[in-house]
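Encoded as structure tokens, the structure appears first; notes follow it.
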Amino acid sequence: MARFHTLRVAEVDRLTDDSVALTLDVPPELRPEYRHAAGQHLTLRRTADGTEIRRTYSICSPAPGPGEDGPRTLRVGVRLVEGGAFSTYALKEIGAGDELEVMTPAGRFTLDPAPGLYAAVVGGSGITPVLSIVTTLLAREPAARFCLIRSDRTAASTMFLEEVADLKDRYPQRLQLVTVLSREEQQAGLPSGRLDEHRLTGLLPSLLPVAQVAGWFLCGPFGLVRGAERALRGLGVERTRVHQEIFHVDGSAAAAPASPAPARSTVTARLDGRGGTWPVREGESLLETVLRNRPDAPYACKGGVCGTCRALLVAGEVRMDRNFALEPEETEAGYVLACQSHPATERVELDFDR
Ligand code: FES
């Protein structure tokens, strides 16, 4: 069950003009709760002027090993979003010694270290969870290799440039690094320009044996992730080998058309071992209904992107506005995003504990 705790900021490192890495200390008694897999994220919460805001940031530090009780520190990358309430605060105000409210780790964009070849296509801040995945994999699994293809505007705007270069120095044989800059010329032979489906369809087979890749990790803006997914599908890669996490969704990703909801619906929800049944008000999402009665219900983005509000649909049917977080296997298994779900039957039952 997701919970918030207060953690102290140990360090704030400036990565680029518009991004920082926040290192948080985890006291010994909380380490088991913050045990995380490589690729998971944290939700940070802040109340300003009476309004609560939550934002999800990926953990870039490696996952704790099997023998450790949990991480001593957690590091997340934060990039400034224009007008972003939390990112502006993170870049301009947060300093060492400050305290932040931090949810326990969540997310299924993860890799358990195993032998084999893995690859990632990332854009911009999409490097953040993949940095944790690559670092953890190469340190723990000597028979694993990784091909990291990253796309950024310029070298100066590239997050974790040094960290990735250090990894390349440490594992020159096992890490293949390809950097594509869209707004800057590179040395001869290196690709530049935007990475889209067409470019990737040509580029990927020239870089690595596509059919032998055990797991693909796509992370970044909506357009890049969708383009990479289509390129992989065109190259015959099975869907089950492709994991994706979208960081920004723009207006072009339209919501599903609304269909009329039953006149009086109720939602029954089980959360942290306790259940309740409440009427759903017209137009509200199931998450909003549950939150009115159970303020501890898990959520972060409320936009169908982060997956924090995932719940199992135990009974009834729902209509989801949009879903950029759940894999097809999860929706087939009956999981829904509560923040995007509206009742399509009079009774709906959700389980947040499974
Ligand atoms: S809260 Fe982020 S997907 Fe629902």
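Note that the structure is a prediction, hence the values are computed from the model and not measured. Both ligands and their constituent atoms are indexed starting at 1 by order of listing.
- Cation-pi contact between Arg310 and Tyr335: present, with separation from the ring centre below 6.0 Å and deviation from the ring axis of at most 45°.
- Taking a cut-off of under 4.0 Å to the non-hydrogen atoms of Ala300, the atoms of ligand 1 that pass are 1 (S).
- For ligand 1, the atoms closer than 4.0 angstrom to any heavy atom of Val305 are 3 (S).
- Heavy atoms from both the backbone and the side chain of Cys306 come within less than 4.0 Å of ligand 1.
- Contacts between Leu287 and ligand 1 below 4.0 angstrom, taking non-hydrogen atoms only, are absent altogether.
- Aromatic rings of His243 and Phe217 (six-membered ring for Trp) have centroids within the 6.0 Å cut-off, being under it.
- Remark: Glu330 CD to Asn323 CG distance equals 8.5 Å, nearest 0.5 Å.
- Interface atoms of ligand 1 facing Cys301, defined by a heavy-atom separation under 4.0 Å, are 1 (S), 2 (Fe), 3 (S).
- For atom 3 (S) of ligand 1, the nearest non-hydrogen atom of the protein is Gly307 N, 3.2 Å.
- Thr154 and Ser157 form a side-chain donor-acceptor contact under 3.5 Å, judged by distance and modelled atom types alone.
- Below 4.0 Å from some heavy atom of Gly304 lie the following atoms of ligand 1, by number and element: 3 (S).
- Residue Cys339 approaches ligand 1 through these ligand atoms, each under 4.0 Å from one of its heavy atoms: 1 (S), 3 (S), 4 (Fe).
- Among protein heavy atoms, atom 1 (S) of ligand 1 sits closest to Lys302 N, 3.2 Å.
- No hydrogens or angles considered: a donor-acceptor pair under 3.5 Å links the side chains of Thr16 and Asp18.
- When distances to atom 2 (Fe) of ligand 1 are checked against a cut-off of 2.8 Å, Cys309 contributes no N, O or S atom below that limit.
- Side-chain atoms of Thr277 and Thr268 include a donor-acceptor pair closer than 3.5 Å.
- Arg54 forms a cation-pi arrangement with Tyr299, by the criterion of a distance under 6.0 Å to the ring centre and an angle within 45° of the ring axis.
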